[in-house]
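Read the structure below first, then the notes.
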Amino acid sequence: MMPPICMVCRARPSRDEGYDGFTVVCFRPTVRYEDGWTGHPENAEWFCAAHLPLTEGLTDLTVGEAWERITARAAVPGDDGGPR
């Protein structure tokens, strides 16, 4: 599993906070993994607490499809914490 880095703002947790404030979101997979496979799945992305709300209702999409909607949501003033 990759360490937490927000997909939107590229924020990373400090050493003291660990993974607190970061959540991994699994979108619709596009790759089938063999039994026993280890690593970071292609459909799993980390989000900081400020940008996690941008993922609501998007987990049925692929990462690419979700990213298009997330960036559109983040660009709208008054959204759920996206960059201005």
Practice problem: For residues 2-31, pull every pair meeting ring pair (Phe, Tyr, Trp, His ring centres under 6.0 Å), keeping only residues two or more places apart or in separate chains. | Solution: Tyr19-Trp46
Quiz item: Can you name the nearest heavy-atom pair linking Pro13 to Pro4, along with the distance?
Solution: CD-O, 3.2 Å
Practice problem: Using the side chain to side chain contact (heavy atoms under 4.5 Å, CB included) rule, take Val25 and Thr59 through it: C-alpha gap first, then chi angles, then the decisive distance, then the call. | Solution: CA-CA 8 Å; Val25 175; Thr59 57; 3.8 Å; yes
Practice problem: Determine the minimum heavy-atom distance between Ala44 and Val24, stating which atoms define it. | Solution: CB-CG2, 3.9 Å
Quiz prompt | Closest non-hydrogen atom pair, Pro53 against Ala49 | solution = CD-O, 3.4 Å
Quiz item: Measuring from Asn43:CG to Thr30:OG1, what's the distance to the nearest 0.5 Å?
Solution: 7.0 Å
Self-check item: Hydrophobic cluster identity match, Trp67 and Leu52, side-chain contacts under 4.5 Å
Solution: yes
Quiz item: Do any N or O atoms from the side chain of His51 and from the backbone of Val8 form a donor-acceptor pair under 3.5 angstrom?
Solution: no
Practice problem: Answer yes or no: is there a side-chain heavy-atom contact under 4.5 Å between Pro41 and Pro29? | Solution: no
Exercise. Give a yes or no answer on whether the side chain of Arg73 reaches the backbone of Leu54 with a donor-acceptor pair at less than 3.5 Å.
Key: yes
Quiz item: What are the two closest non-hydrogen atoms of Glu45 and Met7, and how far apart are they?
Solution: CG-SD, 3.6 Å
Quiz prompt | Arg12 side, atom CZ; Ile5 side, atom CD1 - distance, nearest 0.5 Å | solution = 3.5 Å
Practice problem: Provide the full list of salt bridge (charged side-chain N to carboxylate O under 4.0 Å, His left out) pairs with a residue in residues 28-44, sequence neighbours left out, each pair given once. | Solution: Arg28-Glu65
